[in-house]
Structure formats: structure tokens, C-alpha cells
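Notes for the one structure printed next.
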Amino acid sequence: MKMEQLLLKLKQSLLIPVVAVDNLESVIPLAQILEKAGIKFLEITYRNENAGKALQILKEQHFDLTLGAGTIRTLDQAKDAIENGAQFMVSPGFNREIIQYCHQQDIPFIPGVDSTLSIELAVAEGLRTLKFFPAGISGGSKWLKAVKGPYFDIKFIPTGGISIENLGDYASLSNVVGIGGSFLAPKSLINQKDWDQIFTICVEALSIVNKLKNKE
Ligand code: 3PG
């Protein structure tokens with residue numbers, strides 16, 4: 001998938017649930033409930049040994065979900081994620097080796113930034129779509145509004161500390177092209193198999209986003 005295609009898809013549906021899979025049996029019911037709620041993305045994080053297998057299961061089932069691999073901090077993780085069907089990659093930070101590898105593989109890579117310095121580093125690598133992480137404690141929507149002037153050509157995917165309560169602060173900003181978070185499918189609810197509650201959260205989040213999108 002090309003970055004342009006990813007951005008078009010994000011335009012239709014901003015929300016990216018970020019999930020670390022504790023139990024592989026939860027992957028299919030989780031994807032089913034996200035799909036039913038109208039979610040279009042799922043980011044599986046490389047925070048445990050299940051990530052590659054979880055991506056593989058999702059790929060084989062052909063869900064209507066664009067698959068991301070998150071917490072990509074090493075080249076081996078990037079290779080594993082591509083092999084298992086990840087369509088885009090996200091990192092909490094900035095790793096030039098991975099950026100270059102993903103560029104060669106023609107797969108969108110979204111590095112994490114939290115400062116003007118890291119924005120500049122990413123721009124120097126030719127990247128224009130960046131994860132703002134950890135958004136909540138790094139200045140939240142105020143930071144995004146402040147950087148919009150000087151970095152008018154840069155788009156952000158705030159992640160980290162986003163909740164149903166503050167989602168609206170981010171959704172209306174014109175430099176926000178996606179919003180990531182574990183709040184859409186919290187680990188506790190996945191482990192309790194509380195699919196109904198995850199459905200309710202996602203439907204509410206989508207309705208907030210649809211009301212506020214491009215309202216700035
Ligand atoms: C991530 O991996 O992007 C974040 O850990 C998600 O942050 P959250 O749990 O605060 O949503």
C-alpha cells in the first residue's frame with residue numbers, strides 16, 4: 001500500500017485501534033467486532049511474541065481492516081511485519097534504518113515525533129505523515145495547533161493518552177489525519193471477551209469523529 005492510499009483511507013475513517021495481542025484466540029472475534037462497528041484499521045503492536053502471528057491470522061481472514069504493525073523499533077520487527085501482511089508501520093520513535101528499509105519495500109512508515117527537532121529529522125527523510133507520541137503528555141491538541149503554522153505541510157496521527165473524553169479535541173484539527181489509541185479496544189475488555197463493550201466504545205468514537213471531522 002502506498003502512503004497516498006493510506007491517507008485516502010484515513011480520510012474516510014480516522015480511527016486506529018492500537019492493540020497488543022495477549023491471546024491469539026482473541027484476534028478473530030476482535031476483528032469481527034471492530035469491522036461490525038465500522039472501524040477500518042487495526043494496528044497490532046510488536047510488544048510481545050504474538051504480533052507477527054496475529055497479523056498473519058488477520059491477513060488470512062481477509063477482514064475489511066487495513067492492517068498496521070505498531071511499536072516497530074528494530075529492522076527484524078519491520079521485516080517480520082511485512083512478511084506477515086502489515087500494510088503500514090508505526091513506531092514510537094525515529095529509526096533511520098527502518099525508514100529506509102520501508103521506503104525500499106514501498107510500505108508507509110509513520111515515525112513517532114514529539115518535538116520540532118524530530119519533525120525536522122523526519123522531514124529530512126522525506127516523511128510528511130508523522131505519529132505524535134505520546135500525544136497526551138507532550139502537549140496534546142494545543143501542541144498540534146501550535147505546530148500547524150510553521151509545519152503547515154505536515155500531518156499527524158496523535159496517539160498516546162487519547163480517550164473518548166478528549167477524542168473530540170483532536171478530531172477537529174485540520175493537521176490530524178488519524179487518531180490512534182488503545183481506548184478503542186482496551187486490553188481489559190479484550191481479555192474479558194467483552195466484545196459488546198468494545199462495539200459500544202467504537203460506535204461512540206466514530207460518531208464523535210464524524211461530527212467533528214474538518215470542523216476547524
Ligand atoms: C501506542 O503504542 O501507540 C500507544 O501505546 C497507545 O497509547 P494509548 O495506550 O495511550 O492509547
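Counting starts at 1 for both ligands and their atoms, in listed order.
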Quiz item: Does Phe133 reach the side chain of Ser138, with side-chain heavy atoms less than 4.5 Å apart?
Solution: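 Side chain of Phe133 against side chain of Ser138, heavy atoms only: no contact under 4.5 Å found.
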
Quiz prompt | Contact check, side chains of Phe156 and Val147, non-hydrogen atoms, under 4.5 Å | solution =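 Yes, side chains in contact.
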
Self-check item: Best match, Pro92, Gly160, Gly70: closest heavy atom to atom 7 (O) of ligand 1
Solution: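 Selected option, by shortest heavy-atom distance: Gly160.
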
Considering the heavy atoms of [X], write down every atom of ligand 1 situated less than 4.0 Å from one of them.
{"X": "Val18", "value": "1 (C), 2 (O)"}
{"X": "Thr159", "value": "1 (C), 3 (O), 6 (C)"}
{"X": "Gly181", "value": "11 (O)"}
{"X": "Arg47", "value": "1 (C), 2 (O), 4 (C), 5 (O)"}
{"X": "Gly161", "value": "8 (P), 10 (O)"}
{"X": "Lys131", "value": "1 (C), 2 (O), 3 (O)"}

Quiz item: Strictly by modelled atom types, are Asn191 and Asp22 linked by a side-chain donor-acceptor pair under 3.5 Å?
Solution: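 Indeed, the side chains of Asn191 and Asp22 share at least one donor-acceptor pair under 3.5 Å.
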
Exercise. Go through the side-chain N and O atoms of Gln5 and Lys2 and say whether any donor and acceptor fall under 3.5 Å apart.
Key: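 The criterion, which ignores hydrogens and geometry beyond distance, is not satisfied for Lys2 and Gln5.
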
Quiz item: Taking everything shown except Arg128 itself, do over 12 heavy atoms lie less than 6.0 Å from its CZ?
Solution: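 More than 12 heavy atoms, drawn from other residues, nucleotides or ligands, come within 6.0 Å of this atom.
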
Exercise. Using side chain to side chain contact (heavy atoms under 4.5 Å, CB included) as the criterion, point out the one residue from Leu34, Ile28, Leu42, Leu30 that pairs with Phe63.
Key: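 Answer after filtering Leu34, Ile28, Leu42, Leu30: Ile28.
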
Quiz item: Only one of Asp196, Ile33, Leu184, Ile198 forms a side chain to side chain contact (heavy atoms under 4.5 Å, CB included) with Leu189, so which one is it?
Solution: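 The single option meeting the side chain to side chain contact (heavy atoms under 4.5 Å, CB included) with Leu189 is Ile198.
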
Quiz item: Nearest protein heavy atom to atom 8 (P) of ligand 1, by residue and atom, and its distance?
Solution: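 For atom 8 (P) of ligand 1, the nearest protein heavy atom comes out as Ser182 OG, 3.4 Å.
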
Self-check item: Polar proximity ligand 1 side, Thr45 side, N/O cut 3.5 Å exclusive
Solution: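 No, Thr45 has no N/O under 3.5 Å of an N/O on ligand 1.
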
